[in-house]
Amino acid sequence: MTRIVLGLALFSSAVFGLAAQPPQPPKPDLKEIEERAIQAREKIQSAEVHLRIERNKYEGGVVKQTTRMTATIWVSGTKIRADVIRDGGTFAGFRTVDCLNCDKDGWGIRANDKPQIASSVFRLGPDISGELSNVIDPRIIGYIPTSYETLRNYRLDTAVGRPDRDEPVMKSERLEGLDCWAIRWTNKNGARMGVWICPSQGYNVVRIEARSPAVSKTEGVQSVSSELRQVHPSGIWFPRRVIYEGRSGSELYEREVIDVTEVQLNGAIPPESFTLEGIKLRRGAYISSGDDPKKNGFWDPATQIITPPTPPANLLQASKAATPVEDGSRSTNYWLVAACVGLSLAAIAVILIQRRHVAG
């Protein structure tokens, strides 16, 4: 009897114990997780982001080249402006500005503060990345496993949720103390991808990596890891620091650190930020217009007028052409005829003299 009572007690304890455990939430849909990751950045409609960037390239584990720059990027809808100052090279210390859809949609501005170098206003062509190399949408920072300078070639959905891949696999993983959804797949080109999405940080991507195809002799890995913070008053999570690394096997060949020193999200961006006036070029900067050569000239920020240059007076005098000679004129023809006749008579005389010498 005692054994029966004890067995019932253990059975009841097991049943009620199981019932007392909270039900496990169902595993979320993979597509939904990826959509939330895209929406985490799409909700940013305007931004002012200040960046400090340092890139090191390595050879044999030793730094061979270091590039540093600061950048400020303004975004409002389809308009993007990037001001960049480099610490080396031709434009070291000078501000260069690339502006997409500025002054009006479909137009770009390439401006700089370096003397003797013209700024330009032009219609945008199909290859925007070639025309406006500094225009990088800050919303994709941390979502593409590549360095900052090549981000302009990608979109927000280039990696996350791309269609040309095999069936992705998702599972829960801990990464740097964060609960994440890890999604892995292989692209059609053979690249093996991994994305870690953190629900507690606004469903942002906190790490993304691309590995070379499995058949490669040496595995190449490109990765981007992000430290995020919540930006107020918007409440949106955005990177505080982003680290890119490129490795060939175990050897590091490139490392880049992007520090976001200041950020404002979904605040009002003054419309003049995307105009020649707002770029605040120096007075007298030369502007080259790709649409109307008559508008080429010197910029006056006070009047917002491009004044075409006036050629100096001595240039006009020096370029004065000599009196033209009329082609095919009578005098020219007469001289040519006379010359031909004279040469013919001389040739005949030489021949006659030679014959006389032979006959003698």
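The first residue in the sequence is number 1, and the count goes up from there.
The residues R247 and E254 are annotated as not salt-bridged, no charged nitrogen and carboxylate oxygen being separated by less than 4.0 angstrom. Between R184 and E173, at least one side-chain nitrogen of the basic residue sits less than 4.0 Å from a carboxylate oxygen of the acidic one, meeting the salt-bridge criterion.
Between the side chain of Q230 and the backbone N or O of G235, at least one donor-acceptor pair lies under 3.5 Å. T275 places a side-chain N or O within 3.5 Å of a backbone atom of G278 that can act as its donor or acceptor partner. Side-chain atoms of T66 do not come within 3.5 Å of backbone N or O of N56 as any donor-acceptor pair. In this structure a side-chain-to-backbone donor-acceptor pair under 3.5 Å is present from R81 to S273.
Grouping Ile, Leu, Val, Met, Phe, Trp and Tyr residues whose side-chain heavy atoms lie under 4.5 Å apart, directly or via other members, places V121 in a hydrophobic cluster with V97, W107, I109, L276, I279, L281, I287, W299, I306.
When side chains are defined from C-beta on, V231 does not count as touching W237, because their heavy atoms never get closer than 4.5 Å. Taking the side chain as every heavy atom from C-beta outward, C180 and R174 never approach each other to under 4.5 Å. For the pair D105/K79, a side-chain contact is recorded, criterion being any heavy-atom separation below 4.5 Å from C-beta on. Looking at heavy atoms from C-beta onward, T158 lies out of side-chain contact with Y143 at the 4.5 angstrom threshold. You'll find the side chain of I33 reaches within 4.5 Å of the side chain of Y203, heavy atoms only. With a 4.5 Å cut-off on side-chain heavy atoms, I258 and R52 do not count as touching. C99 is listed as a side-chain neighbour of F274, based on a closest heavy-atom distance under 4.5 Å. With contacts defined as side-chain heavy-atom distances shorter than 4.5 Å, the pair Q222/Y244 qualifies.
Contacts of Y286 classified as ring pair (Phe, Tyr, Trp, His ring centres under 6.0 Å), with partners at least two apart in sequence or in another chain: F298. Applying the salt bridge (charged side-chain N to carboxylate O under 4.0 Å, His left out) criterion to E42, with sequence neighbours excluded, gives no partner residue. Every salt bridge (charged side-chain N to carboxylate O under 4.0 Å, His left out) that R68 has, sequence neighbours left out, goes to E54, D87. Taking the side chain to side chain contact (heavy atoms under 4.5 Å, CB included) definition, one finds that V62 meets it with nothing, sequence neighbours left out. Every residue two or more places apart in sequence or in another chain was checked for a ring pair (Phe, Tyr, Trp, His ring centres under 6.0 Å) with F122, and none qualifies. Legend: residues meeting salt bridge (charged side-chain N to carboxylate O under 4.0 Å, His left out) with R36, ordered by chain and number and at least two apart, are E32. In this view, Q304 and E277 satisfy the side chain to side chain donor-acceptor pair (under 3.5 Å) rule, not counting sequence neighbours. With sequence neighbours excluded, no residue forms a side chain to side chain donor-acceptor pair (under 3.5 Å) with S234. Taking the side chain to side chain donor-acceptor pair (under 3.5 Å) definition, one finds that E219 meets it with R192, R211, sequence neighbours left out.
Nearest heavy-atom pair across S46 and G267 is OG-O, 2.7 Å. In plain terms, the two heavy atoms of S76 and I269 that are nearest each other are CB-CB, 4.4 Å. The two residues R55 and Y148 make their nearest non-hydrogen contact at NH2-CB, 4.4 Å.
For residues 92-102, the pairs satisfying salt bridge (Lys or Arg N to Asp or Glu O under 4.0 Å) are D83-R95, R95-D113, D98-R110, with sequence neighbours left out. The stretch residues 138-147 participates, sequence neighbours left out, in these salt bridge (Lys or Arg N to Asp or Glu O under 4.0 Å) pairs: D137-R139.
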Checklist entry - V195 and W181: side chain to side chain contact (heavy atoms under 4.5 Å, CB included), yes or no, with the steps? => result CA-CA 8 Å; V195 173; W181 290 110; over 6 Å; no
Next on the checklist: Between T186 and M193, is the side chain to side chain contact (heavy atoms under 4.5 Å, CB included) condition met? List the steps.
Outcome noted: CA-CA 6 Å; T186 301; M193 304 293 297; over 6 Å; no
Checklist entry - Can you list the steps and then say if V260 with R241 is a side chain to side chain contact (heavy atoms under 4.5 Å, CB included)? => result CA-CA 6 Å; V260 181; R241 168 174 281 193; over 6 Å; no
Next on the checklist: What verdict does the salt bridge (charged side-chain N to carboxylate O under 4.0 Å, His left out) test give for R207 and E245, after you've listed the backbone C-alpha separation in whole Å, the side-chain angles of each residue and the deciding distance to 0.1 Å?
Outcome noted: CA-CA 11 Å; R207 179 174 172 82; E245 290 186 341; over 6 Å; no
Checklist entry - Do R255 and I243 pass the side chain to side chain contact (heavy atoms under 4.5 Å, CB included) test, and can you show the C-alpha distance, the side-chain angles, and the key distance before you say yes or no? => result CA-CA 7 Å; R255 188 175 192 269; I243 299 176; 3.7 Å; yes
Next on the checklist: If you apply the rule salt bridge (charged side-chain N to carboxylate O under 4.0 Å, His left out), what do you find for E59 with K57, and how did you get there?
Outcome noted: CA-CA 7 Å; E59 187 177 317; K57 292 190 177 182; over 6 Å; no
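For NZ of K280, the number of neighbouring non-hydrogen atoms (other residues, nucleotides, ligands) closer than 6.0 Å is 12 at most. Atom CZ of R162 sits in a crowded spot, with more than 12 heavy atoms from other residues, nucleotides or ligands closer than 6.0 Å.
Exactly one residue among V135, I80, L132, L124 makes a side-chain contact (heavy atoms from CB on, under 4.5 Å) with N101. That residue is L124. Of the candidates T150, V160, L151, L151 is the only one forming a side-chain contact (heavy atoms from CB on, under 4.5 Å) with I144.
No side-chain donor-acceptor contact under 3.5 Å links H50 and T261. If you check the side chains of R152 and N134, you find no donor sitting under 3.5 Å from an acceptor.
Hydrophobic clustering of Ile, Leu, Val, Met, Phe, Trp and Tyr side chains at less than 4.5 Å, counting indirect connections, keeps L156 apart from W196.
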